[in-house]
Amino acid sequence: MTEGRIYNFSAGPSMLPEPVLCKIRDEMLNCGNSGMSVLEMSHRSKVYDGIINAAVENVKEVLGVPDNYRVLFLHGGASGMFAAVPMNIGTGSGIADYVVSGNFSGAAQKEAKKYLKEARIAGTSEADNFTYIPKQADLNLSADADYVHVCWNNTIFGTKYSYIPETGNVPLVADMSSSIMSEPVDVSKFGIIYAGVQKNLAPAGLALMIIREDLLEREAMKITPKIWNFKTEAEKNSMLNTPATFPIYVVKLVTDYLKEQGGLAAMKARNEEKAALLYDDLDSQDFYKSGVNKEDRSMMNVVFRTGSDELDKEFVAGQAAKGFSNLKGHRLVGGMRASIYNAMPKEGVEALIDYMKEFAASHQ
Ligand SMILES: *Cc1c(COP(=O)(O)O)cnc(C)c1O
């Protein structure tokens, strides 16, 4: 890493690959020979058209999106989609099933309740403080639901699905904000995949959505804001109004980078290696605990604690001197959280483990 930069373990916005940041810098004064930066450019210009189309094509290529899906860029981040999804596709029976496996899936269910006849909780691990992902057998799915909603990776609680829920003919909708492009996924198993881009792809404010074409034919609620009507946005190539031009540009650069790096198979191998280093270390000693069910462990957000609030505080306070930041756990969980997205180098994880060992040795 470049001198002066630190290992930033933030859950989001989070680290971006350094070569991408350098490319942004290099193109800042003159992007694509336009004589202007991407920040100053009309979204209707030829250069920008090339950028957004390349971003869409890259997402399709990198994620292996089948032909009967569309890639959209929408305003409002992931939380915007908590409202936009029920408004657009919750219009058959007006009933949807939500699996609540953490904070964001709970927030999605609460938002959906405003618009649907019923946003059912079809499964939850809340009674165990979200330390595991509900199993297929624990799900109480309704045959008449318009869709089933899950949160793929629980950013705050540090868990992730290890199976794809079987939902029959009911489309599966997944919030993949904190795991998007960290490993390959079988897109064909989902009706919608959406993500706030600020964890693994770009700066904040934008939602990436991958939607099966038949779902665009469902009639949206009359109250749906025009800018969140999925069908209209698909027809307008996500440019009904001015899109979030800069985040979309960064999605293009990050996906260019992912292609160069060997795509999602390569990212998965790297991410598995980083996560294994950290979890193996957590498992091999008694000083730190990872309170999460082993088979449901997140590869992106690693939650751990010492067992003493005082020691946790001291651990977090010591991070700056080591060249780390954002290791404090979310207030709902306490302890520590290391978010190790695609852009976190293995060296950052190794340096963290060294610090954990040193801290444990001096506080046993
Ligand atoms: C960060 C996050 C969100 C919230 O994203 P916003 O873009 O801030 O609305 C939602 N879901 C998950 C899984 C997240 O990690």
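Note that these values count all heavy atoms, side chains included, but never hydrogens, waters or copies made by symmetry. Read the numbers this way: they start at 1 and go in the same order the structure lists the ligands and their atoms.
- Listed for the Gln285 side chain is a donor-acceptor partner under 3.5 Å among the backbone atoms of Phe287.
- Ligand 1 lies out of reach of Met176, whose nearest heavy atom is not under 4.0 Å from it.
- The shortest heavy-atom distance from Gly12 to ligand 1 is not under 4.0 Å.
- Per-residue contacts place Cys151 under 4.0 angstrom from the following atoms of ligand 1 (heavy atoms of the residue considered): 13 (C).
- Short contacts between ligand 1 and Gly77, defined as distances under 4.0 Å to a heavy atom of the residue, involve ligand atoms 7 (O).
- Counting only distance, with no hydrogens or angles, the side chain of Arg212 and the backbone of Tyr69 share no donor-acceptor pair below 3.5 Å.
- Annotation for ligand 1: atoms under 4.0 Å from non-hydrogen atoms of Thr155 are 12 (C), 13 (C), 14 (C), 15 (O).
- None of Asp296, Asn301, Asn154 except one satisfies the side chain to side chain donor-acceptor pair (under 3.5 Å) rule with Thr159; the exception is Asn154.
- Contact between Trp152 and ligand 1 is absent, with no heavy atom of the residue lying under 4.0 Å from the ligand.
- A cation-pi arrangement is absent between Lys236 and Phe230 under the rule of less than 6.0 angstrom and at most 45 degrees off the ring axis.
- Of the polar atoms of Asn153, none of the N or O atoms is found under 3.5 Å from an N or O of ligand 1, judged by distance alone.
- Contacts with ligand 1 closer than 4.0 Å are made by no heavy atom of Ala107, backbone or side chain.
- Considering both main-chain and side-chain atoms, Ala78 comes within under 3.5 Å of ligand 1 through a nitrogen or oxygen pair.
- Looking at Tyr194 against ligand 1, nothing comes within 4.0 Å, counting heavy atoms.
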